[in-house]
Amino acid sequence: MTHRSTHQQPAVSPVTDVPSALPPVDAQVLAETQRAVVGWYRAHARDLPWRESAATAWSILVCEVMSQQTPVVRVLPRWEAWMARWPRPSDLAAAPASEVLLAWDSLGYPRRALRLQETARAIAELHGDSVPDSEAALRALPGVGDYTAAAVTSFAHGQRTAVLDVNVRRVLARSLAGLEHRPSSVSRRERAWAEALVPAEDHVEWNAGLMELGALVCTSRSPSCEQCPLAQHCVWLAAGRPAHPTAARRTQAWAGTDRQLRGAIMRCLREASAAEQEGVPVRLLTAPLTELTDDEAEALAALPAPVHSAVMAVRNLDAGGERTARLVADLLSDGLAQRTDAALHLPH
DNA sequence: AAGTCGGGGGA
DNA sequence: TCCCCAGACTT
């Protein structure tokens with residue numbers, strides 16, 4: 001059952017060891033690159049709702065947090081519902097945490113939802129319900145790191161700053177440094193290098209354009225260089241798209257881990273709450289799944305299909321219920337399970 | 001610098 | 001299957 005996959009790629013020198021990484025960029029090349037990115041963005045960017053003029057700084061901050069490690073297409077519907085429900089920071093601040101977690105749905109990393117609510121409270125109480133515009137103040141908010149602070153500074157407040165997400169870093173690494181992959185982490189040096197590349201005007205189109213290019217054209221796996229506006233200047237393409245050795249990176253284990261079970265528990269809680277909101281009475285079972293009475297087993301079988309399957313998923317992962325009990329206690333103490341523990345099967 | 005934190009879709 | 005995704009935070 002447990003594949004503690006510690007699969008490891010051959011150990012080779014990480015990208016950061018390449019001596020010629022992040023070279024100075026010729027002014028002419030930079031100017032043409034900037035023009036190409038901005039022009040391409042204006043012509044080909046997706047019309048995402050948080051890019052419209054009606055988007056508030058708060059809605060942009062929400063979208064950035066939701067997009068942390070989560071593809072944009074998955075964020076879209078949840079963001080729409082979220083902003084309709086809690087248009088201002090103070091609205092989210094006043095919401096029950098259980099509702100916040102339910103609205104987060106299956107975006108993943110649910111602690112981001114709790115941190116976002118903490119951030120909403122901080123903005124409401126400390127900043128007059130409006131998103132701060134200094135990167136330092138933003139960076140002090142829970143769940144707001146270097147990327148998110150820069151993104152809000154650029155996209156919500158129009159200030160000139162380098163927004164370094166995985167897309168921007170990949171596009172810059174390839175087109176201007178000839179590297180297939182970005183360095184593993186953002187060094188002071190890379191940040192300074194990238195900041196010097198931001199044009200004096202059109203910062204938003206530069207930052208958003210690089211992100212869009214990385215998401216749609218200059219993708220990690222199979223870039224579409226034939227339709228890239230930077231193809232003429234791209235150092236990596238000119239070199240024949242050399243495969244660059246990547247740093248050895250072990251993939252995280254999943255099957256059999258607490259993390260997997262925790263995810264199943266959270267799904268179970270979501271499904272049960274959804275069923276309750278639909279008016280379906282979700283019966284509370286207080287015995288471990290292994291010790292159900294006939295009546296309880298019958299009640300379990302009668303649960304709505306999504307709830308039933310969610311319960312069975314938890315059961316399959318932890319038939320004895322001991323890990324479930326421990327993890328639910330952890331989730332409750334972390335604020336991640338709020339009120340919804342009622343639908344679970346806690347040994348007692 | 002390395003580990004931990006979900007979840008889903010594509011190659 | 002493995003990899004990747006508008007990262008942040010702790011150790």
Side-chain angles (χ1 to χ4, degrees), chain A residues 3 5-9 14-17 45-46 48-51 59-79 101 104-116 118-119 138-156 162-171 181-187 204 207-216 218-224 246-255 257-270 310 313 317 327 330-331 334-336:
Chain A
H3 294 289
S5 93
T6 48
H7 163 258
Q8 224 169 335
Q9 299 177 359
V15 173
T16 46
D17 288 350
R46 295 168 290 184
L48 300 172
W50 46 80
R51 287 176 178 160
S59 73
I60 290 172
L61 173 54
V62 170
C63 135
E64 296 302 341
V65 172
M66 285 184 171
S67 300
Q68 291 165 1
Q69 292 293 285
T70 304
V72 165
V73 287
R74 284 180 54 201
V75 167
L76 271 167
R78 280 69 174 240
W79 181 85
L101 288 167
W104 192 258
D105 197 21
S106 61
L107 280 176
Y109 295 132
R111 60 185 57 192
R112 288 184 296 164
L114 299 182
R115 291 195 185 125
L116 185 55
E118 291 175 37
T119 275
L138 285 164
R139 189 66 180 72
L141 299 169
V144 177
D146 288 337
Y147 161 75
T148 303
V152 171
T153 299
S154 175
F155 302 143
V163 179
L164 294 185
D165 80 322
V166 64
N167 292 306
V168 173
R169 298 180 60 218
R170 181 174 55 250
V171 173
H181 302 295
R182 58 179 166 79
S184 52
S185 61
V186 181
S187 62
V204 172
N207 288 322
L210 288 173
M211 291 173 67
E212 196 77 342
L213 261 182
L216 301 181
C218 190
T219 59
S220 180
R221 290 291 194 82
S222 53
S224 307
T246 58
R249 192 164 40 79
R250 85 181 54 225
T251 63
Q252 279 182 309
W254 175 252
T257 60
D258 283 358
R259 187 179 185 180
Q260 180 194 31
L261 178 54
R262 191 163 39 235
I265 292 170
M266 291 300 288
R267 168 176 288 282
C268 187
L269 298 176
R270 283 196 305 271
L317 292 170
L327 290 179
D330 291 345
L331 291 171
D334 290 341
L336 276 165

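Note that the structure is a prediction, hence the values are computed from the model and not measured. Hydrogens, waters and symmetry mates play no part in the numbers below; they use all other heavy atoms, side chains included. Letters A, B, ... are given to chains in the order of the sequence lines, protein chains preceding strands, and every chain is numbered from 1.
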- Tell me which nucleotide among B/dG6, C/dA6, C/dC5 gets nearest to the side chain of A/Arg46. C/dA6
- Are any of the side-chain heavy atoms of A/Leu114 and A/Trp104 separated by less than 4.5 Å? no
- Message: Applying a 4.0 Å non-hydrogen cut-off, can you work out what A/Arg169 is touching in the nucleic acid: base, sugar-phosphate, or nothing?
- Response: nothing
- Message: Please classify the nucleic acid contact of A/Trp50 as base, sugar-phosphate, or nothing, using heavy-atom distances under 4.0 Å.
- Response: base
- Query: Does A/Trp50 reach the side chain of A/Val72, with side-chain heavy atoms less than 4.5 Å apart?
  - Reply: yes
- Message: Salt bridge or not between A/Glu118 and A/Arg111? Use side-chain N to carboxylate O under 4.0 Å.
- Response: no
- Message: When you measure from the side chain of A/Ser67 to the backbone of A/Thr70, do you find a donor-acceptor pair of N or O atoms at a distance under 3.5 Å?
- Response: no
- Message: Working note: A/Leu48 + A/Leu76, criterion side chain to side chain contact (heavy atoms under 4.5 Å, CB included); need CA distance, chi angles, decisive distance, verdict.
- Response: CA-CA 8 Å; A/Leu48 300 172; A/Leu76 271 167; 4.3 Å; yes
- Message: Could you tell me how far C/dC3 sits from B/dG3 if I compare only their P atoms? Round to whole Å.
- Response: 16 Å
- Please work out if A/Gly108 contacts a base, only the sugar-phosphate, or nothing of the nucleic acid, heavy-atom cut-off 4.0 Å. base
- Note on the structure: Closest to the side chain of A/Ser185, out of C/dG7, B/dA1, B/dG7, is B/dA1
- Message: Let's see if you can work this out: which of B/dG6, B/dG7, C/dA6 has an atom nearest to the side-chain heavy atoms of A/Arg262?
- Response: B/dG6
- Whole-Å distance separating the CZ atom of A/Arg111 from the C1' atom of B/dG7: 15 Å
- Could you check which of B/dG8, C/dA6, C/dC5 has an atom nearest any side-chain atom of A/Arg170? C/dC5
- Using both pair distances under 3.5 Å as the test, note the stems of at least 3 consecutive Watson-Crick or G-U pairs that include DNA chain B. B:1-5 with C:7-11, B:7-11 with C:1-5
- What does A/Ile60 touch in the nucleic acid at a heavy-atom separation under 4.0 angstrom: a base, only the sugar-phosphate, or nothing? nothing
- Any chance you could measure A/Arg46, atom CZ, to A/Glu212, atom CD, to the nearest 0.5 Å? 4.0 Å
- Item | Side-chain touch A/Asn167/A/Leu210, heavy atoms, less than 4.5 angstrom | no
- Query: Is the side chain of A/Ser154 donor-acceptor paired with the backbone N or O of A/Ala150 at a distance under 3.5 Å, no angle test?
  - Reply: no
- Query: Hey, does A/Arg259 reach any base, or is it just sugar-phosphate, or nothing, if we go heavy atoms under 4.0 Å?
  - Reply: base
- Message: Measuring from atom CD of A/Gln68 to atom OH of A/Tyr109, what distance do you get when rounded to the nearest 0.5 angstrom?
- Response: 10.5 Å
- Message: I need the CG-C1' distance between A/Leu216 and C/dA6, as an integer number of Å.
- Response: 12 Å
- Message: Between A/Arg78 and B/dG8, is there a contact of a side-chain N or O with OP1 or OP2 at under 4.0 Å?
- Response: no
- Item | Sidechain-backbone polar pair: A/Arg74 side chain, A/Ser106 backbone, donor-acceptor under 3.5 Å | yes
- Task: For A/Asp334 and C/dT10, give me the distance from atom CG to atom P, rounded to whole Å.
- Result: 12 Å
- Rounded to whole Å, the CG-P distance (A/Leu317 to B/dG7) equals 11 Å
- Message: Determine whether A/Thr148 and A/Arg139 satisfy the following criterion, side-chain hydrogen bond (donor to acceptor under 3.5 Å, both in side chains), listing intermediate values before the conclusion.
- Response: CA-CA 8 Å; A/Thr148 303; A/Arg139 189 66 180 72; over 6 Å; no
- Query: Atom OH of A/Tyr109 and atom C1' of C/dA8: how far apart are they, to the nearest Å?
  - Reply: 10 Å
- Task: Side chain of A/Arg221 only, please: which of C/dC9, C/dC2, B/dG8 is the nearest?
- Result: C/dC2
- Item | Separation of B/dG8 C1' from A/Arg270 CZ (nearest whole Å) | 12 Å
- Item | B/dG6 and C/dT11, which share atom name P, separated by this distance in whole Å | 16 Å
- Item | Rounded distance (Å) that lies between atom C1' of B/dG7 and atom CH2 of A/Trp104 | 12 Å
- Message: Should the side chain of A/Arg74 and the base of B/dG7 be counted as holding a donor-acceptor pair, with the cut-off at 3.5 Å?
- Response: yes
- Task: Measure from the side-chain heavy atoms of A/Tyr147 and tell me the nearest of C/dG7, C/dC9, B/dG6.
- Result: C/dG7
- Query: Atom CH2 of A/Trp254 to atom C1' of B/dT4: distance rounded to whole Å?
  - Reply: 12 Å
- Measure from the side-chain heavy atoms of A/Thr148 and tell me the nearest of B/dG7, C/dG7, C/dC3. C/dG7
- Item | Near-strand residues of residues 62-70 of chain A, defined as heavy-atom separation under 4.0 angstrom from DNA chain B | A/Gln69, A/Thr70
- Item | Pairwise P distance, B/dA11 and C/dA6 [rounded to whole Å] | 14 Å
